[in-house]
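The structure appears right after this line, and notes come after that.
So that the names make sense, note that chain A is the first sequence line, chain B the second, and so on, each numbered from 1. The model shown is predicted, which means the values in this text are computed figures rather than measured ones. The basis for the numbers below is simple: all heavy atoms, side chains too, and nothing from hydrogens, waters or symmetry mates.
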Protein chains: 2
Amino acid sequence: MANIQQVAEKAGVSVATVSRVLNHAASVSTKTRLKVEDAIKELNYEPSMLGRNLRNSESRLLLVLLPSISNPFYTEIINGIQNTAIANSYNILLCETDSNPQRENIYFNMIKNKLADGVISMDPTVNRQKLTELAESHPVILCSEYDEGGSIPFVTIDSELAAYQAVKHLIRLGNKKIALINSDEKFLYARQRRSGYERALKEFNLPIREEWIYHTRDLEFQNGVQAMRMLLELEEKPTAIFAVSDTLAIGALKGINGSGLHVPNDLAIIGFDNISFSNMTNPTLTTVSQPMYKMGVTAANMLIMSIKGEQVESVVLDHDLIIRESTMG
Amino acid sequence: MANIQQVAEKAGVSVATVSRVLNHAASVSTKTRLKVEDAIKELNYEPSMLGRNLRNSESRLLLVLLPSISNPFYTEIINGIQNTAIANSYNILLCETDSNPQRENIYFNMIKNKLADGVISMDPTVNRQKLTELAESHPVILCSEYDEGGSIPFVTIDSELAAYQAVKHLIRLGNKKIALINSDEKFLYARQRRSGYERALKEFNLPIREEWIYHTRDLEFQNGVQAMRMLLELEEKPTAIFAVSDTLAIGALKGINGSGLHVPNDLAIIGFDNISFSNMTNPTLTTVSQPMYKMGVTAANMLIMSIKGEQVESVVLDHDLIIRESTMG
DNA sequence: AATCATTTTGTAATCGATTACAAATTGCTG
DNA sequence: CAGCAATTTGTAATCGATTACAAAATGATT
């Protein structure tokens with residue numbers, strides 16, 4: 001791989017001139033520009049990002065932190081981020097943290113070391129303290145999960161309201177015994193969705209029963225299967241389920257199918273996220289749709305503004321309740 | 001962010017000594033080492049990857065190219081890659097190419113520019129010519145999809161054999177009319193799986209009928225639904241389906257369920273990949289299991305060896321047929 | 001205390017780019 | 001063609017690390 005020095009020699013000019021050609025500086029005569037361009041082509045030269053970044057302190061790379069790529073929820077968000085990034089001549093690097101602090105550290109260092117210009121974090125398990133610290137000197141945006149009262153700009157939806165509306169939909173269908181399959185309430189969205197769930201129940205004077213609230217360890221299908229198994233063993237079984245993610249809801253659906261009961265006739269079920277698979281289940285899954293692509297676009301735009309040094313405001317986007325077969329009993 | 005210069009000043013030593021401490025060189029006296037370590041802590045210093053990489057021509061970063069993160073097939077492979085990388089103090093960056101040559105280029109440049117030390121490509125649509133060119137001077141490993149007769153080391157399974165066995169299983173169950181839902185045959189795996197399908201049919205003297213072979217554009221669920229819709233409109237309908245990916249098979253399952261037919265009683269179905277969803281469908285899906293985690297581990301090990309300058313040989317791993325409800329008619 | 005071997009530290013070049021400033025070239029005018 | 005302004009090009013410092021080599025410090029031996 002040739003370097004700028006060799007190009008300069010071949011073209012019979014100085015490295016400064018080559019650099020000017022590379023950066024489309026106006027002050028290069030057509031004649032020398034052509035000479036340099038020929039040399040570049042002949043040597044198959046491409047400028048080193050490393051040298052350039054070191055000098056410029058900019059990489060035009062954006063980091064996207066996510067806990068696990070196995071959750072299809074992130075797919076569309078990433079598309080939105082990527083398209084927006086590319087439109088602004090940035091590129092993205094996906095970083096799977098596996099909720100592992102050591103890995104987080106590595107990626108944080110990439111930011112500190114100017115290997116990347118900014119970061120969008122979608123990892124709810126990320127170390128808040130460290131992220132806040134990083135955000136003091138580097139551009140950081142939170143996407144989907146955020147910090148109440150924190151200082152980092154975020155883009156998200158109103159989880160509480162979405163949960164409230166979902167549960168209200170179940171109540172309107174005549175359900176009085178509604179279970180919640182929640183994830184760990186260390187996550188803000190989990191607390192908010194529980195709160196929306198309870199608000200709806202209260203509004204219709206339905207009791208909030210602890211045994212109908214199940215907390216899963218992760219968001220894998222298997223956790224949903226497990227949750228449903230527990231709920232079906234109760235003396236007083238629920239007639240409807242609200243799960244805080246589609247993966248859990250699909251697991252629950254599986255659990256119900258396995259027990260001989262029927263969805264939606266015996267049990268109605270609502271998920272959250274509208275992942276592509278939620279439309280492939282039998283029956284198809286009623287779910288809350290987050291504007292994932294738009295979230296990605298918004299987060300990327302906010303980050304790019306932030307890199308430019310502009311102030312950015314947090315954004316709350318709209319959601320939709322997508323009614324499908326699993327609540328058409 | 002402090003630099004090595006400031007640490008040296010604070011500790012009252014030269015930058016060389018600081019660098020030696022950072023790299024655990026033996027020739028530093030305990031006294032000065034402690035001084036330097038104190039200074040590092042006090043200044044909250046972390047070495048710049050940029051400066052270091054520029055000098056060392058090594059980044060300890062591995063690139064993983066994949067066409068789309070929405071395909072769950074890649075999830076486990078990536079886990080294998082990541083764990084292996086970390087065990088060897090490498091890190092990985094996930095690069096979604098979207099089968100877009102421009103994006104590919106960007107990531108190829110990262111390699112050329114020493115922003116990353118090597119690349120594992122899982123993208124069957126990647127530009128072979130360019131990749132081969134890159135592989136002449138940089139470590140490259142192909143994972144899953146590969147090049148027949150190419151020079152780049154790969155890790156994969158025997159797709160032809162797997163398809164042959166899957167179709168033979170359908171034949172043994174008494175099926176005589178077996179359809180193939182294939183993807184675009186520009187992909188090697190698609191040609192191989194078709195070939196295995198045909199070998200099984202021939203062996204049992206069953207006719208190969210073009211109208212029972214459907215080619216999809218992509219591997220999305222929706223493509224499977226569409227394929228099934230076409231197959232069910234045929235005058236002579238198949239009694240069994242072999243789909244070259246679980247996503248297609250799940251889509252097909254959906255298409256069958258929607259038509260009032262029953263799996264496995266009316267139609268048996270086999271997928272390919274054993275993605276986590278395949279166990280969540282109703283009925284659960286019989287499928288060919290690729291040793292995805294192991295593929296990831298193997299590919300990463302091969303790449304790391306290759307970076308070290310060692311010669312590596314291509315590997316073909318074993319697969320399994322996982323028999324579930326969709327073929328238990 | 002002088003000598004020499006060994007250990008420890010420092011100096012300065014290097015990686016590949018960018019850019020302020022200086023220097024050279026060009027073009028124009030009288 | 002001298003003189004000056006405008007344009008074009010080159011020189012050298014810079015970003016932040018590593019490391020060959022030189023220099024200094026330490027310790028052992030006589």
Between [Y] and [X], is there a salt bridge with N-O shorter than 4.0 Å?
X: K112(B); Y: E46(A); result: yes
X: K10(A); Y: E42(A); result: yes
X: E37(B); Y: K41(B); result: no
X: R60(A); Y: D117(A); result: no
X: D184(A); Y: R217(A); result: no
X: R128(A); Y: D147(A); result: yes

Tell me the bend of the helix from dA1(C)-dT30(D) to dG30(C)-dC1(D) as the angle between end helix axes, each from five pairs, rounded to the nearest 10 degrees.
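That helix gives 50° between its end axes.
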Looking at V64(A), V126(A), I111(A), L93(A), which one forms a side-chain contact (heavy atoms from CB on, under 4.5 Å) with V119(A)?
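Of V64(A), V126(A), I111(A), L93(A), side-chain contact (heavy atoms from CB on, under 4.5 Å) with V119(A) is met by I111(A) alone.
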What is the distance from atom CD of Q290(B) to atom CD1 of I157(B), rounded to the nearest 0.5 Å?
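Output value for this atom pair is 3.5 Å.
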Let me confirm one number: the CD1-OH distance from I4(A) to Y45(A), rounded to the nearest 0.5 Å.
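With rounding to 0.5 Å, CD1 (I4(A)) is 4.5 Å from OH (Y45(A)).
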Taking every non-hydrogen atom, the tightest pair across E104(A) and N127(A)
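Shortest heavy-atom contact: OE1-N, 3.3 Å.
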Judged by each residue's nearest nucleotide on DNA chain C, which is more toward the 5′ side, V13(B) or N56(B)?
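Looking at the nearest nucleotide for each, V13(B) comes out on the 5' side.
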Contact interval (first through last nucleotide) of DNA chain D with protein chain B, 4.0 Å heavy-atom
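Here the contact window of chain B covers dG16(D) to dA20(D).
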When we call it a touch if two heavy atoms are under 4.0 Å apart, what does L54(B) touch: a base, just sugar-phosphate, or nothing?
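L54(B): base contact, heavy atoms under 4.0 Å.
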What are the residues of residues 16-37 of chain A, sorted by number, that bring a heavy atom to within less than 4.0 Å of DNA chain D?
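Only A16(A), T17(A), R20(A), S27(A), V28(A), S29(A), T32(A) qualify.
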